[in-house]
Each structure stands twice: as C-alpha cells, then as structure tokens.
There are 2 protein chains.
Amino acid sequence: MPRSYDQYCAIARALDTVGDRWALLIVRELSAGPRRYTDLHADLPGISTDVLATRLKDLERGDVVTRRRLPGHGSALAYELTDRGRALAPVLAALAAWGTPLLAEPRAVDAVRAHWAAVPLLNLLPVAPAVLEVRLDEGAFHLRLDAAERSFADGPAPDAEARLTLDPASARALITGTATLADVLRAPGSRLEGDGPLVELLAGGALVS
Amino acid sequence: MPRSYDQYCAIARALDTVGDRWALLIVRELSAGPRRYTDLHADLPGISTDVLATRLKDLERGDVVTRRRLPGHGSALAYELTDRGRALAPVLAALAAWGTPLLAEPRAVDAVRAHWAAVPLLNLLPVAPAVLEVRLDEGAFHLRLDAAERSFADGPAPDAEARLTLDPASARALITGTATLADVLRAPGSRLEGDGPLVELLAGGALVS
DNA sequence: CGGCATCCGTGACGATACTG
DNA sequence: CAGTATCGTCACGGATGCCG
C-alpha cells in the first residue's frame with residue numbers, strides 16, 4: 001500500500017492511487033490492451049521486477065488493474081485495465097498534451113515504442129466513426145476514433161478501413177506538434193490508404209485542430 | 001535534477017518534470033496565486049523542508065515555477081506559476097475528476113483547505129463571463145468562469161458579482177459529486193447572493209452537467 | 001522571522017540472482 | 001513465465017541549525 005498524502009482533496013486522492021513512480025506508465029501500457037508481466041517488463045525499460053510486481057498489486061487494490069487468465073491462449077495470465085483504469089484516459093491525454101513540447105529531439109538513451117505515439121495521435125485526430133491503422137518503423141497499432149470509444153490498441157486492426165504509414169521524420173513531426181496531419185500528408189514519407197469518410201476527411205485537408 | 005524515465009514519449013517526458021512526489025501538489029497550491037515558501041510549507045502538511053526546496057528548484061528548471069519579489073510588500077519573495085505551469089490546469093482538472101469518487105468521506109487524518117475545492121468546482125460550473133466568490137467554513141476563494149481564463153485564486157474577490165456560501169455538508173456533497181449545484185441551491189445550508197447572468201443561470205436551475 | 005542547508009533514520013527504488 | 005529474495009543506493013520525512 002503506497003503512502004497517502006492524507007489530504008481531503010480529489011487531486012491528492014488520485015495521486016495516492018496513481019501518483020507513485022511508474023504507476024501511470026503502467027496504465028499507459030495497459031491502455032494498449034491486456035499485457036503479461038514479462039511484456040510489461042520489456043516495454044518499461046528501467047523498471048525493476050519487484051517494483052513492477054508491487055505497482056501491479058497496488059493498482060489492483062486501487063481498482064485500476066485486474067489480473068485475468070486470457071481465454072484462448074493456454075491459461076496465459078494477463079493484466080488489464082478496469083473501467084476505473086480506462087477512466088484515466090483523460091489524465092494521460094492531458095499529460096501527453098503538456099509533455100509534447102518536451103519531445104523535441106529523441107535523446108540517445110531514450111527507448112522508443114510504436115504505441116507510445118498513440119495518445120498524442122488521438123489528441124490530434126478528429127472524431128470519426130472509423131478505425132485507423134498506423135504503421136511506424138517500430139511497429140503498428142490502431143486507433144478507434146468514435147466519439148464514444150476513443151481508444152487504441154497494439155498491432156494491426158482486423159477491422160481497419162484506413163491505414164496510415166509514416167516514416168520516422170513524419171511521425172516525429174506529428175508527435176512533436178511541429179506539423180499538422182495535413183502537412184504530413186502533403187509531404188512524401190507518409191501514405192494514407194483505404195476508403196470511407198475518415199480518409200476523405202483527412203485527405204480533404206479539413207483539419208483545423 | 002530528478003531522475004528521467006528515458007523514454008521518447010510525451011507522457012513520460014511530462015512525468016519527468018512533474019511526476020515526482022509532491023510536484024503536482026505544489027502546482028495545485030500555486031494555481032491559487034503566488035505563494036511564499038512558508039505558506040507552501042504550511043499548506044502541504046507532511047512535506048519536509050528540503051523536499052519542498054528541492055521540488056521548487058526542479059520545477060524552476062522545468063519552467064513550471066518562477067521566483068519573484070512581489071511588488072508592494074517589502075521585498076517579499078514568492079513563487080508563482082509560469083505560462084507552462086498554468087498550462088498544467090487540464091492535468092489537474094483530469095486528476096480531480098478521476099479522484100472525486102475517492103473522496104467519499106474525509107478521514108480523521110486528512111488535512112482540509114478551502115481552495116482545494118476550487119478545481120472540482122471549476123469542473124462543475126458552467127462557462128460564464130463572471131467571477132464567483134465561494135465561502136466555506138475553512139475560508140474563501142474565487143473562481144473566474146470565463147471561457148478564456150478559467151482559474152481560481154485565494155481569498156475574496158474584489159470584482160465578484162456573485163457569492164456562494166456553503167455549509168460543510170453542502171460543500172462535501174458538491175465536491176464528491178453526490179449532488180448537483182441545483183440540488184444544493186434548493187436545500188438550506190447554501191446561499192447564492194449577487195446578480196448578473198451567472199446568478200440567473202444558476203438560480204434558474206439550468207444546470208445539466 | 002523567512003528561506004533554506006545539514007544530519008539522520010526509514011523506506012522506496014534499481015539491479016541482479018534465484019525459485020515455483 | 002511470473003514473480004520473490006537480497007542488497008546497495010537514493011529519496012523521503014522529521015528535526016535542528018544557520019544566515020540573511
């Protein structure tokens with residue numbers, strides 16, 4: 001059980017649950033879908049095994065995360081977000097928006113994962129009843145752009161009607177906010193495939209925010 | 001200088017700057033206006049003096065906080081938010097919204113300050129070109145409800161056109177989300193004074209969210 | 001006094017090794 | 001694969017002291 005601030009304040013209470021080191025980054029990882037312990041450890045470079053185990057237990061007690069045996073795969077134990085955990089999406093979005101100007105240049109020591117671009121891209125893309133697959137050098141993920149369920153998940157999408165392929169420079173320009181999606185689509189190094197209202201909307205350049 | 005996660009991710013970068021223990025609570029305090037070191041120490045029960053000094057230095061290097069001599073008062077040194085610091089308001093709002101269900105009952109050990117209710121109330125109140133003074137048992141603060149500058153500050157407002165007085169039960173019901181503002185205004189224990197469009201809007205019961 | 005710096009005990013963290 | 005055990009280090013919390 002982590003230490004409490006002991007303040008009658010909603011912000012302090014939230015930080016009692018998700019304010020510890022690594023906690024929100026674990027939530028970020030699980031926002032991409034259920035993960036096993038080893039996968040989490042691999043995508044959180046620097047976290048030690050005991051801290052990961054402790055955080056997962058704390059987050060479970062805080063009703064943010066559940067342990068579950070995935071159906072299909074022979075009894076694979078996995079962690080996933082609860083409804084309360086998914087309700088942290090606005091917190092992650094706000095942090096991502098604020099942190100964007102700090103991304104300017106990747107440092108030599110920085111780890112990179114494809115799905116870390118998902119939250120910034122969700123902040124950037126319009127609401128649309130569509131699923132967009134995004135392919136980067138580091139891997140693929142897909143975004144659900146419905147107004148009701150704006151989310152993302154790892155890997156290619158089975159039901160994507162559009163696919164966006166970005167080279168590293170385009171991806172970086174998008175994520176750092178130095179280029180709009182319209183800019184990137186005009187330049188070489190990016191490709192938008194598929195059809196449907198989303199593709200027409202994006203290709204049409206009707207992107208204000 | 002705090003430890004970095006070393007990840008090329010906007011969320012991780014944000015947490016590199018404001019993810020340390022106490023950091024966001026210091027930002028919360030300074031959201032109510034400039035504060036001196038001793039005031040911060042008094043309103044953050046449990047923080048040690050050296051941690052407060054270290055965080056303030058880190059936040060200064062992170063362009064979140066500035067040190068300044070307040071004009072008027074004989075060379076009183078104070079800390080205040082920079083523009084980047086004020087840009088953290090959506091993060092605090094999202095955390096407050098998520099933490100609201102955790103507030104149910106104040107615990108015996110919990111500290112209480114009047115202005116800690118300001119962010120939840122801002123999340124609750126509509127956009128209006130008005131300044132609302134709020135009086136609680138613990139003290140007073142005021143909210144600026146403009147679309148452009150939604151903010152709050154300590155103490156009574158010189159230019160408030162409305163005043164909302166809440167007894168402890170009403171304030172708790174509002175802050176925990178168990179009652180709407182319309183509910184509270186119908187019950188005894190709360191009083192709304194003043195005039196202008198805001199008062200008419202609130203008194204009229206036209207409060208959906 | 002306000003604004004820290006220092007010292008010290010405890011607990012959290014990070015790396016590695018090890019176990020069911 | 002999914003953690004637990006161990007250990008060194010560092011951050012935190014509390015008290016006290018210094019210095020303008």
Side-chain angles (χ1 to χ4, degrees), chain A residues 1-7 12 15-26 29-30 34-62 65-80 109-111, chain B residues 1-7 12 15-26 29-30 34-62 65-80 109-111:
Chain A
M1 190 166 35
R3 184 166 21 196
S4 170
Y5 286 111
D6 290 333
Q7 299 186 356
L15 293 174
D16 282 346
T17 304
V18 296
D20 272 345
R21 189 163 170 77
W22 293 108
L24 279 174
L25 294 185
I26 292 174
E29 289 305 308
L30 294 178
R35 291 294 181 86
R36 294 189 308 191
Y37 182 92
T38 314
D39 301 330
L40 287 171
H41 189 252
D43 276 349
L44 292 170
I47 198 174
S48 59
T49 57
D50 57 345
V51 168
L52 177 55
T54 305
R55 286 296 170 279
L56 286 170
K57 253 174 250 166
D58 291 343
L59 291 173
E60 226 179 318
R61 289 167 53 123
V65 159
T66 356
R67 280 165 61 110
R68 194 166 65 96
R69 296 217 168 266
L70 280 189
H73 309 69
S75 79
L77 189 59
Y79 296 86
E80 62 181 348
V109 289
D110 282 343
Chain B
M1 187 167 36
R3 183 169 18 199
S4 169
Y5 286 109
D6 290 334
Q7 299 184 357
L15 292 174
D16 282 347
T17 304
V18 294
D20 272 345
R21 190 166 169 75
W22 293 108
L24 279 174
L25 294 185
I26 292 174
E29 290 305 308
L30 294 179
R35 291 293 181 87
R36 295 190 308 188
Y37 181 92
T38 314
D39 302 329
L40 288 172
H41 189 252
D43 276 348
L44 292 169
I47 199 174
S48 59
T49 58
D50 57 346
V51 169
L52 177 55
T54 305
R55 285 296 170 279
L56 286 169
K57 253 174 249 166
D58 292 342
L59 290 172
E60 226 179 317
R61 290 167 51 125
V65 159
T66 357
R67 281 165 59 111
R68 195 166 63 95
R69 297 220 167 264
L70 281 188
H73 310 69
S75 79
L77 188 59
Y79 297 86
E80 62 182 348
V109 290
D110 281 342

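From a predicted model like this one, the values you see are computed outputs, not experimental measurements.
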Proximal nucleotide (of dA11(D), dG13(D), dA5(C)) relative to the Ser48(B) side chain: dG13(D)
Aromatic plane relationship, Trp22(B) with Tyr5(A) - under 30° parallel, 30 to 60° tilted, over 60° perpendicular: perpendicular
Value in whole Å for how far the C1' atom of dC13(C) lies from OH of Tyr5(B): 11 Å
Distance in angstrom units between Arg68(A) CZ and dA2(D) C1', rounded: 18 Å
Pairwise 5' ranking along DNA chain D for Asp20(B) and Ala53(A), keeping only the more 5' one: Ala53(A)
Nearest listed nucleotide, side chain of Thr38(A), among dA2(D), dG3(C), dG3(D): dA2(D)
Per Arg21(B) side chain, nearest of listed nucleotides dG3(D), dC12(D), dG14(C): dC12(D)
Side-chain N,O (Trp22(A)) to OP1/OP2 (dG14(C)) below 4.0 Å: yes
Out of dA15(D), dA2(D), dC12(D), whichever nucleotide has its closest atom nearest the side chain of Leu77(A): dA2(D)
Among dT4(D), dA11(D), dA12(C), the nucleotide that comes nearest once only the side chain of Arg55(B) is considered: dA11(D)
pair Leu40(A)-Leu56(A): side-chain heavy atoms closer than 4.5 Å: yes
Value in whole Å for how far the P atom of dA17(C) lies from NE2 of His41(A): 13 Å
Atom pair distance, as rounded to whole Å: CG in Leu44(B) and C1' in dG14(D): 16 Å
dC4(C) phosphate, OP1 or OP2, under 4.0 Å from Arg36(B) side-chain N/O: no
Side-chain heavy atoms of Ile26(A) within contact of Tyr79(A), under 4.5 Å: no
Whole-Å distance separating the CG atom of Leu25(B) from the P atom of dC12(D): 13 Å
Under-4.0 Å side-chain N/O to phosphate OP1/OP2 contact, Lys57(B) with dA5(C): yes
Euclidean distance, atom CD1 of residue Ile26(A) to atom P of dC13(C) [Å, nearest integer]: 11 Å
4.5 Å side-chain heavy-atom contact, Leu44(A) and Gln7(B): yes
Closest heavy-atom pair and its distance - Glu60(A), Thr66(A): CG-CA, 4.4 Å
Sugar-phosphate only, base, or nothing, as touched by Thr49(B) at under 4.0 Å among non-hydrogen atoms: base
Whole-Å distance separating the CG atom of Asp50(A) from the C1' atom of dC7(D): 11 Å
Atom-pair distance (CZ on Arg3(B); P on dC12(D)), nearest Å: 9 Å
